[in-house]
Enquirer: 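The structure that follows is given in the form of C-alpha cells.
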Amino acid sequence: MNCITLRQATPEDWPAILGIHAQHQAAQGTNYELPYLFGPQIALALVGVDEDQRIRSCVYVEAVAEMRFVGCDPRATAFARREIDGLVYVLKHQGFRWLECFVPRKLKKMIGKPLRKAGFECVDRELAHFTKDMRGTNE
C-alpha cells in the first residue's frame, strides 16, 4: 500500500465504513456511536481508498449546534434555560445529535450551575477541546 486517496463517501460505501468502524472500536477498546453519514447533518464524509479502491479509512464532519448567549440580563438567561427542552426538540427534529455550549473558564463556575440545571454536562475532564478558527483565512 503506497498511496491513500480521499474521495467523497457514497451510500454504497456504508457496509465497508461500518466494518472499519467496528475494527477501530475493537482496537481502541471503545464503543463510539457512528451516525449514518449520508443524512442532512453530515457536512462532509470522505473515505481513504488504496490502489485497489479498498476503503481503508473514513473521516466525516458532523454539524453540531452551538448555543451562545448575547446579553447580561439574568432574567432573560433564566427564561432561555426554561425553554431549553423546546429548543432541543426543534434541533433533534432537524437532525442534530449534540448541543454544545462553550463557556470561558473564568465564567465556568457562575454559568455552569444554570447550564447543569438545564441538563448540560461539563465534559472538560473527559474530552480535550481542539478548534481550528477558519474565520478570515482563504486556505
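In what follows, every heavy atom counts, from backbone to side chain, and hydrogens, waters and symmetry copies are set aside.
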Enquirer: Suppose the criterion is salt bridge (Lys or Arg N to Asp or Glu O under 4.0 Å): which pairs have a residue in residues 13-26, not counting sequence neighbours?
Expert: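 Checked against salt bridge (Lys or Arg N to Asp or Glu O under 4.0 Å) - neighbours excluded - the pairs reaching residues 13-26 are Arg7-Asp13.
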Enquirer: Of all the heavy-atom pairs spanning Asn31 and Gln25, show the shortest one and how long it is.
Expert: N-OE1, 3.3 Å
Enquirer: Kindly compute the distance separating SG (Cys101) from CZ (Arg68), expressed to the nearest 0.5 Å.
Expert: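 Between Cys101 SG and Arg68 CZ, I get 9.0 Å after rounding to 0.5 Å.
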Enquirer: Could I get the full list of salt bridge (Lys or Arg N to Asp or Glu O under 4.0 Å) partners for Glu121, not counting sequence neighbours?
Expert: none
Enquirer: Got a sec, which hydrophobics cluster with Leu37, joining ILVMFWY side chains under 4.5 Å apart, including via others?
Expert: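 Joined to Leu37, directly or through intermediates: Trp14, Ile17, Leu18, Ile20, Leu34, Tyr36, Phe38, Ile42, Val47, Val49, Ile55, Tyr60.
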Enquirer: Does Tyr89 have any ring pair (Phe, Tyr, Trp, His ring centres under 6.0 Å) partners at least two apart in sequence or in another chain, and if so, which?
Expert: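 If we apply the ring pair (Phe, Tyr, Trp, His ring centres under 6.0 Å) test to Tyr89, skipping adjacent residues, the hits are His93.
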Enquirer: Drop me the distance from Glu51's CD to Ile4's CD1, to the nearest 0.5 angstrom.
Expert: 7.0 Å
Enquirer: Given Phe120 and Ile84, is the side-chain contact (heavy atoms from CB on, under 4.5 Å) satisfied, shown in steps?
Expert: CA-CA 10 Å; Phe120 284 79; Ile84 197 71; 4.0 Å; yes
Enquirer: The criterion is ring pair (Phe, Tyr, Trp, His ring centres under 6.0 Å); which residues satisfy it with Phe102, sequence neighbours excluded?
Expert: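 For Phe102, the residues satisfying ring pair (Phe, Tyr, Trp, His ring centres under 6.0 Å) (neighbours in sequence not counted) are His129.
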Enquirer: Compare every heavy atom of Pro35 with every heavy atom of Glu62, then report the nearest pair and how far apart it is.
Expert: OE1-CG, 4.1 Å
Enquirer: Only counting residues at least two apart or in another chain, list the ones meeting salt bridge (Lys or Arg N to Asp or Glu O under 4.0 Å) with Arg125.
Expert: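 Expected list: none.
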Enquirer: Among all residues two or more places apart in sequence or in another chain, which pass the side-chain hydrogen bond (donor to acceptor under 3.5 Å, both in side chains) test with His21?
Expert: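 Partners of His21 under the side-chain hydrogen bond (donor to acceptor under 3.5 Å, both in side chains) test: none.
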Enquirer: Is there a path of hydrophobic side-chain contacts, each under 4.5 Å between heavy atoms, that joins Phe69 and Met110?
Expert: yes
Enquirer: Show me the pairs that pass side-chain hydrogen bond (donor to acceptor under 3.5 Å, both in side chains) and involve residues 102-115, at least two apart or across chains.
Expert: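 Listed by first then second residue: Arg105-Asp124, Lys108-Asp124.
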Enquirer: May I have the step-by-step check of side-chain contact (heavy atoms from CB on, under 4.5 Å) for Met67 and Leu115, ending in yes or no?
Expert: CA-CA 11 Å; Met67 183 175 71; Leu115 284 173; 3.8 Å; yes
Enquirer: Is Asp52 salt-bridged to Arg54, going by a charged N under 4.0 Å from an acidic O?
Expert: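 So Asp52 does not pair with Arg54 through a salt bridge.
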Enquirer: Can you list the steps and then say if Val59 with Ser57 is a side-chain contact (heavy atoms from CB on, under 4.5 Å)?
Expert: CA-CA 7 Å; Val59 60; Ser57 65; over 6 Å; no
Enquirer: Glu100: which residues meet the side-chain hydrogen bond (donor to acceptor under 3.5 Å, both in side chains) condition with it, sequence neighbours left out?
Expert: none
Enquirer: Provide the full list of salt bridge (Lys or Arg N to Asp or Glu O under 4.0 Å) pairs with a residue in residues 24-39, sequence neighbours left out, each pair given once.
Expert: Glu33-Arg97
Enquirer: Checking Arg75 now: which residues fulfil salt bridge (Lys or Arg N to Asp or Glu O under 4.0 Å) with it, not counting sequence neighbours?
Expert: Asp73
Enquirer: List the residues meeting side-chain hydrogen bond (donor to acceptor under 3.5 Å, both in side chains) with Glu12, not counting sequence neighbours, and say none if there are none.
Expert: Thr10
